[in-house]
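The shown structure was predicted, so the numbers you read here are calculated from the model rather than taken from an experiment.
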Amino acid sequence: MPGGKPSQAVRPRIGETARMLWLIYLTFSAVCATALWLSGASPFDAIAHTLTTLATGGFSPYGGSIADLDNAMSEGIIILFMILAGTNFALFYLVLRRGWRNLVKDPEWRLYLIIMAVATAIITFELLGTTIATTSTDPETGELVEVDGSFGQSLRYAAFQVAALQTSTGYATADYDQWTFLSRYVLILLMFVGGCSASTGGGIKVIRVLMAFRILWAELERIFRPNVIRPVRIGRQVLTPEVRLNVMVHLFIVVLLVLIGIFGLSVFEHENPALLERGDEMDLVTATTATISAVNIVGPAMGHAGPTENYGWMTDASKIMLTLLMVLGRLEIFTILVLIVPRFWRNE
């Protein structure tokens, strides 16, 4: 149960919990694959994209990712199931047992949807009237296929990229590296946030973001109201000092890892022959977003590692470092970092 949220076993025993979560996961997979097939995707495409949507893995059999499906209905289905994959799976069991109110009343899930809705609205507004380059390539010219930035198209591509990057799925339908500064900045923030606790998504997790803001507000209030003792709550639950410390230390370590990654990529790729041959160099955008993407398990980044690029040109040292960062991000950081503490290996 990662994400800094107290465990809520959906069944009395771990075995029963695992079976129920697997049943929910497999049911979603079957529904997603069927829906994609009915929307016009081939059986192979439906199954392949289902497997990487529910697991928020993001790989596609096509070089242009989901854009090569060229099907707005399929994109809508994938958006829906990416959102579901980024939701706390324990909530789905509570919905089955006690109704939809348990989902709507969950503060993390509400914030999760609010963040997505606000980000989608901002990026949609930014894309209006522009030309949107998709990740699909025209077979005749070899250039990226472009579409006009009407409201419908802007909403379509904004909603997809917001869902794909916040849930850390990493799919792409548009070359968002060409979008406005504000749009790209919003997407970078979404990479940090990630999905909900106990979901297949990566990132810091929405619950930690919510906790961090509540803790920050409580500390600010304590400055101008020192005599007021007000517990920090998430829903009905009071955050203990241990949980509060855990959240803030986790955020600090994430920022520290990103800084280390940026420095490492800048050093390792300083004179990369692959970049020098094409007259490029490692820029801060690539180093920053590639590190953020690795720590938060997103996949694509920006710059030379954007949605139409890859990481193949990097040196072995950079690939090893990013691999370690991905392992740290996937295993919730503390799980791995505790192994380097000497006392862990002593009988103390």
Side-chain angles (χ1 to χ4, degrees), residues 39-41 45 49 53 58-80 82-83 115-191 275 278-290 292-293 298-313:
S39 70
D45 287 342
H49 290 99
T53 297
F59 286 107
S60 171
Y62 303 105
S65 192
I66 303 301
D68 279 349
L69 294 179
D70 193 24
N71 189 320
M73 185 175 293
S74 295
E75 291 176 21
I77 293 168
I78 291 174
I79 289 173
L80 172 62
M82 284 193 294
I83 294 173
I115 292 173
M116 277 193 176
V118 172
T120 299
I122 293 173
I123 296 176
T124 298
F125 178 79
E126 288 287 298
L127 292 179
L128 285 175
T130 66
T131 299
I132 303 172
T134 71
T135 53
S136 182
T137 304
D138 189 320
E140 296 182 358
T141 64
E143 300 291 332
L144 296 179
V145 176
E146 296 182 343
V147 298
D148 293 330
S150 63
F151 176 76
Q153 294 283 40
S154 298
L155 178 60
R156 171 185 175 181
Y157 288 98
F160 190 92
Q161 288 308 151
V162 165
L165 295 186
Q166 181 171 346
T167 62
S168 76
T169 307
Y171 282 139
T173 55
D175 184 8
Y176 53 80
D177 205 29
Q178 299 184 25
W179 291 359
T180 64
F181 172 80
L182 178 59
S183 297
R184 287 180 293 158
Y185 186 74
V186 169
L187 292 178
I188 291 173
L189 291 178
L190 294 179
M191 290 182 187
L275 290 177
R278 57 186 187 184
D280 288 326
E281 59 181 13
M282 171 58 75
D283 56 279
L284 186 59
V285 171
T286 301
T288 302
T289 57
I292 293 172
S293 181
V298 178
M302 295 179 186
H304 298 312
T308 60
E309 302 286 343
N310 57 63
Y311 294 80
W313 54 269

Aromatic plane relationship, Trp179 with Tyr176 - under 30° parallel, 30 to 60° tilted, over 60° perpendicular: perpendicular
Gap separating the CD atom of Gln166 from the CD1 atom of Ile115, nearest 0.5 angstrom: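 That separation rounds to 5.5 Å.
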I'd like to check the side chain to side chain donor-acceptor pair (under 3.5 Å) partners of [X]; sequence neighbours left out, ordered by chain and number.
X: Ser168; answer: none
X: Ser60; answer: His49
X: Thr134; answer: none

Please give me the minimum heavy-atom distance between [X] and [Y], naming the atom from each residue.
X: Met302; Y: Val285; result: CB-CG1, 4.0 Å
X: Pro307; Y: Ala301; result: CD-O, 3.9 Å
X: Thr286; Y: Gly303; result: OG1-CA, 3.5 Å

CZ/Phe125: more than 12 non-hydrogen atoms of other groups inside 6.0 Å: no
Does [X] reach the side chain of [Y], with side-chain heavy atoms less than 4.5 Å apart?
X: Val298; Y: Ile292; value: no
X: Leu275; Y: His304; value: yes
X: Leu190; Y: Gln161; value: no
X: Ile132; Y: Leu127; value: yes

Residues 138-151, side-chain donor-acceptor partners within the protein, below 3.5 Å, at least two apart:
unit_1: Asp138; atom_1: OD1; unit_2: Glu140; atom_2: N; d: 2.9
unit_1: Thr141; atom_1: OG1; unit_2: Glu143; atom_2: N; d: 3.2
unit_1: Ser150; atom_1: OG; unit_2: Gln153; atom_2: N; d: 3.4

Thr53: side-chain contact (heavy atoms from CB on, under 4.5 Å) partners, not counting sequence neighbours: Ile78, Phe81, Met82, Tyr171
Under 3.5 Å donor-acceptor, Thr169 side chain and Gly58 backbone: no
Output side-chain donor-acceptor pairs under 3.5 Å for residues 61-71, partner residues at least two apart or in another chain, one line each.
unit_1: Tyr62; atom_1: OH; unit_2: Asp45; atom_2: OD1; d: 2.8
unit_1: Tyr62; atom_1: OH; unit_2: Asp45; atom_2: OD2; d: 2.8
unit_1: Ser65; atom_1: OG; unit_2: Ala172; atom_2: N; d: 3.2
unit_1: Ser65; atom_1: OG; unit_2: Ala172; atom_2: O; d: 3.3
unit_1: Asp68; atom_1: OD1; unit_2: Ser136; atom_2: OG; d: 3.0
unit_1: Asp68; atom_1: OD2; unit_2: Gly64; atom_2: N; d: 2.9
unit_1: Asn71; atom_1: OD1; unit_2: Met73; atom_2: N; d: 2.9
unit_1: Asn71; atom_1: OD1; unit_2: Ser74; atom_2: N; d: 3.1
unit_1: Asn71; atom_1: ND2; unit_2: Ser39; atom_2: O; d: 2.8

